[in-house]
There are 2 protein chains.
Amino acid sequence: MATSRRPTLADVAERVGVSAKTVSRVLNSDGPVSAATREKVMAAVTELGFRPNLMARNMRVGARDSTIGLIVPQIANPFFGSVADGIEDAIRDRNLTLLLGSSDEDPEKEQVVVSSFLARRVTALMIVPSVDGDHRYLRRERSSGLPLIFIDRPGSGVTADAVVSANTEGTHDGVAHLIAHGHRRIGFIGDVPSSLYTRKQRQRGYRATLQAAGIPYDPALVADAHSPTVAGGAVRRLLALPQPPTALFTANNFASLGALTTLSADRRKDVALVGFDDLPLADLLEPGLSVIAQDPAMLGREAALLALSRLDGDRTAARTATVPTRLIPRGSGELPPPPG
Amino acid sequence: MATSRRPTLADVAERVGVSAKTVSRVLNSDGPVSAATREKVMAAVTELGFRPNLMARNMRVGARDSTIGLIVPQIANPFFGSVADGIEDAIRDRNLTLLLGSSDEDPEKEQVVVSSFLARRVTALMIVPSVDGDHRYLRRERSSGLPLIFIDRPGSGVTADAVVSANTEGTHDGVAHLIAHGHRRIGFIGDVPSSLYTRKQRQRGYRATLQAAGIPYDPALVADAHSPTVAGGAVRRLLALPQPPTALFTANNFASLGALTTLSADRRKDVALVGFDDLPLADLLEPGLSVIAQDPAMLGREAALLALSRLDGDRTAARTATVPTRLIPRGSGELPPPPG
DNA sequence: TTGTAGGCGTTATCAA
DNA sequence: TTGATAACGCCTACAA
């Protein structure tokens, strides 16, 4: 397997008997080239299997690599996968490529990946920030003009664009839905740590909705969970209260999963449940899981559009785009409270 | 927001009063540098916020970009997301970055993405091939030494490494499991087109297992489906046969979903079901869905290891690595056939 | 319609 | 221990 050097523009030029610049012109449909020359060049390109070197091109042309760097906590998570899909879809036409890294929710890992992306001179940087991260180190990049966009949660310590779900409004919709079905004691199981942006936004929606309905806010009905197991425990604890909730709002996927598992194991088919974020198979359960569905692909698309507009010269102040959520009733959120 | 030019090696050098090469030496711990010089250089680097330009470095040094290109049908699919996670995890230590593109199962889109990756001079290329794709166009790359690894399904028209799941063995395990629980009429719902690699491998396992158990192969029990809806229809058709199956083996996720939905809608809790590939929430159903679970992260990891060994000079013949599957009984696969 | 000179930011080579 | 020069592959600017 002879590892022959890849042909360059000069190789093609030599073969045809023209200058490198002429070959370049043909390939980029740049200046004028005679039909005959063009044809000969194209033939040589095919024959040699020449492919222009994008690294060299980018270096000369833009000083930026034609990539968008995206950092997510975990690629395997379909939510972030959809975000990536949305981005890729929106940047493809612009001949931009997606560079993907994962942080594992660890701010240090995140910074390492960011560094490697910056070293590559990505055209724009998109980050789903890790919990408790500090993004002050990105200030310099921001001020040097790099489009920086936070997704799902805003970054901290640096002013930048952001695209987030309608957390507060979505939670409002879910909780109001439960209230409309007669519930007045509604448990809330949220993210850990409770300082997390999405947690705060959603809990805010929960609280405001109760208040608007004239229902007192009871801290005893609020629990934390960062895993299905812990959420399951929280569900049991809430349901064992002297005045237990008749409905639950699980503010994230893991909490929903935990609640489902526990309610199913304990044969509690009387507790109403609405979850934030949709789950596959959620409609096959009995009852189906009512959810506030997010639109992760749209998050990605909006982020990409924001980035592209920045690249196109939009120098207006940093802004936050909000992507709407959608209530999907499937049964669990429409259960009535027990007659008692 | 003044868009100041990024500092270069020369800028740092000028500030310190040394040559660019000296700065380069410090940063790469290359040749000898006096402690005093090193210190001054590092200070200037920090002060200016200098970050070496990887594009320029790669161009000078290797003529290859330090990236691994991965092309999958759809990033949002958690299966492929896990593959990507496995790869990223394995290449991170080697200072390689993941370049991710999606093909949408369209061979032409796939080729476009591949081209753009080749233009970037990726260090290695990994592809989950689209249906009916033809990879002859990659022969030249292969012979020029580019590590090329197909994942989940082998490529066609080019000899290359591959990493696949134990499709035949896994299906054997699932079908044998149903037989062990007393079933003799077992339906099979497979991928479309039926020429698909995974489809063929799995159907092979199905057929061989029946044969080994002395059960005649009945083509009437075999159906195709590429979506949950179609799969659902197939389920109804099979169950309406004069001699309907008492158990089903759904050879992929979509088929499993469709079967679940339809069985649930038709209140058919008497039909045993084993699916190939795990589903989230599968254990919350009643009964839980028994599956042959794949290990996508391991697929990615193996692919990465294969690529790295090629990069390290492994010039042995192309090989195919097989990643084992695992039977997870959860109830649906253990239902007995009706007494009749 | 085509070619030449120079440079993007880095490192290899050789000399000082 | 350090520096000057050339080169990686391509494109911009200008000239022919």
Side-chain angles (χ1 to χ4, degrees), chain A residues 3-42 44-45 48-66 95 116 118-123 144, chain B residues 3-42 44-45 48-66 95 116 118-123 144:
Chain A
T3 314
S4 61
R5 194 178 59 82
R6 289 200 71 98
T8 71
L9 213 50
D11 295 327
V12 178
E14 191 188 16
R15 179 164 201 110
V16 180
V18 295
S19 77
K21 178 65 220 186
T22 300
V23 179
S24 169
R25 271 198 265 264
V26 172
L27 269 67
N28 299 303
S29 335
D30 201 3
V33 183
S34 79
T37 308
R38 155 170 287 109
E39 209 158 310
K40 277 190 288 184
V41 167
M42 291 312 286
V45 163
L48 293 177
F50 169 77
R51 289 173 189 279
N53 185 329
L54 253 189
M55 274 194 295
R57 176 177 217 287
N58 284 330
M59 209 171 105
R60 178 66 247 239
V61 164
R64 296 237 137 257
D65 190 13
S66 51
N95 280 83
S116 83
L118 292 175
R120 280 179 184 296
R121 300 293 188 268
V122 291
T123 292
S144 83
Chain B
T3 313
S4 60
R5 194 178 57 80
R6 289 199 70 98
T8 72
L9 215 48
D11 295 326
V12 178
E14 190 188 14
R15 181 165 200 108
V16 180
V18 296
S19 76
K21 178 66 212 181
T22 299
V23 179
S24 169
R25 272 197 266 262
V26 171
L27 269 70
N28 299 302
S29 333
D30 201 5
V33 183
S34 79
T37 307
R38 156 170 287 110
E39 209 157 308
K40 277 190 289 184
V41 167
M42 292 311 287
V45 163
L48 293 177
F50 169 77
R51 290 174 190 275
N53 184 328
L54 253 187
M55 273 194 296
R57 174 174 220 286
N58 285 330
M59 203 173 109
R60 176 67 246 231
V61 161
R64 294 238 139 258
D65 190 13
S66 50
N95 280 85
S116 83
L118 292 175
R120 309 198 92 78
R121 301 294 189 267
V122 290
T123 292
S144 82

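Within every chain, numbering begins at 1; the chains are lettered A, B, ... in the order of the sequence lines, protein sequences first and strands thereafter.
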S.K.: Among D:dC10, C:dT2, D:dG9, find the nucleotide with the atom closest to the side chain of B:Met59.
M.R.: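 Closest of the options to the side chain of B:Met59: D:dG9.
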
S.K.: Does B:Ser19 have a side-chain nitrogen or oxygen under 4.0 Å from the phosphate oxygens OP1 or OP2 of D:dA4?
M.R.: no

S.K.: For C:dT11, take OP1 and OP2 only and decide whether either is under 4.0 Å from a side-chain N or O of B:Asn28.
M.R.: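 For C:dT11, OP1/OP2 do have a side-chain N/O of B:Asn28 under 4.0 Å.
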
S.K.: Tell me: CG of B:Asn58 to C1' of C:dT10, nearest whole Å?
M.R.: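 Value for this atom pair: 10 Å.
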
S.K.: Does a donor on one side chain and an acceptor on the other come within less than 3.5 Å for A:Asn95 and A:Ser66?
M.R.: no

S.K.: Could you tell me how far apart B:Lys40 (NZ) and D:dT1 (P) are, to the nearest whole angstrom?
M.R.: 15 Å

S.K.: Please report the distance, rounded to the nearest Å, between CG in B:Asp11 and P in C:dG9.
M.R.: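 Taking atom P of C:dG9 as the reference, CG of B:Asp11 is at 8 Å.
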
S.K.: So which of A:Thr37, A:Val12, A:Val26 actually passes side-chain contact (heavy atoms from CB on, under 4.5 Å) with A:Val18?
M.R.: A:Thr37

S.K.: Side-chain N or O of B:Arg57 versus OP1/OP2 of C:dT11: is the shortest distance under 4.0 Å?
M.R.: yes

S.K.: Closest nucleotide of DNA chain D for B:Ala56 versus for B:Ala20: which of these residues is on the 5' side?
M.R.: B:Ala20

S.K.: Take atom CG of A:Leu54 and atom C1' of C:dC8, then tell me their distance rounded to the nearest Å.
M.R.: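 So the CG-C1' distance, A:Leu54 to C:dC8, works out to 15 Å.
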
S.K.: Atom CD of A:Glu14 to atom C1' of C:dT2: distance rounded to whole Å?
M.R.: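 A:Glu14 atom CD is separated from C:dT2 atom C1' by 18 Å.
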
S.K.: Send over the distance from B:Arg25 CZ to D:dG3 C1', rounded to a whole Å.
M.R.: 7 Å

S.K.: Mapping A:Thr37 and B:Asn53 to their closest nucleotides on DNA chain C, which lands nearer the 5' end?
M.R.: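 The 5'-side residue here is A:Thr37.
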
S.K.: In whole angstrom, give the distance that lies between atom CG of A:Leu27 and atom P of D:dC11.
M.R.: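 Atom-to-atom, A:Leu27 to D:dC11, this comes out as 8 Å.
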
S.K.: To the side chain of B:Phe50, which of D:dG9, C:dT13, C:dT10 is closest?
M.R.: C:dT10

S.K.: Tell me which nucleotide among C:dG9, D:dG3, C:dC8 gets nearest to the side chain of A:Arg60.
M.R.: C:dC8

S.K.: Between B:Val18 and A:Lys21, who's closer to the 5' end of DNA chain D by nearest nucleotide?
M.R.: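 Checking each residue's closest nucleotide, the 5'-ward one belongs to B:Val18.
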
S.K.: Between C1' on D:dC11 and CE on A:Met55, what's the gap in Å once rounded to a whole number?
M.R.: 16 Å

S.K.: For the residue pair B:Val23 and B:Val41, what are the closest heavy atoms and their distance?
M.R.: CG1-CG1, 3.9 Å

S.K.: So, OP1 or OP2 of C:dT2: does either fall under 4.0 Å of a side-chain N or O from A:Thr22?
M.R.: no

S.K.: Taking any heavy-atom pair under 4.0 Å as a contact, classify B:Leu9: base, sugar-phosphate, or nothing.
M.R.: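 If one applies the 4.0 Å heavy-atom cut-off, B:Leu9 turns out to touch a base.
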
S.K.: Report yes if some heavy atom in the side chain of A:Arg57 is under 4.5 Å from a heavy atom in the side chain of A:Leu27; otherwise report no.
M.R.: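 A:Arg57 does not reach A:Leu27 side chain to side chain.
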
S.K.: The side chain of B:Val61 is closest to which nucleotide in this list: D:dG3, D:dC11, C:dA12?
M.R.: C:dA12

S.K.: Do A:Thr8 and A:Asn53 come within less than 4.5 Å of each other through their side chains, counting heavy atoms only?
M.R.: no

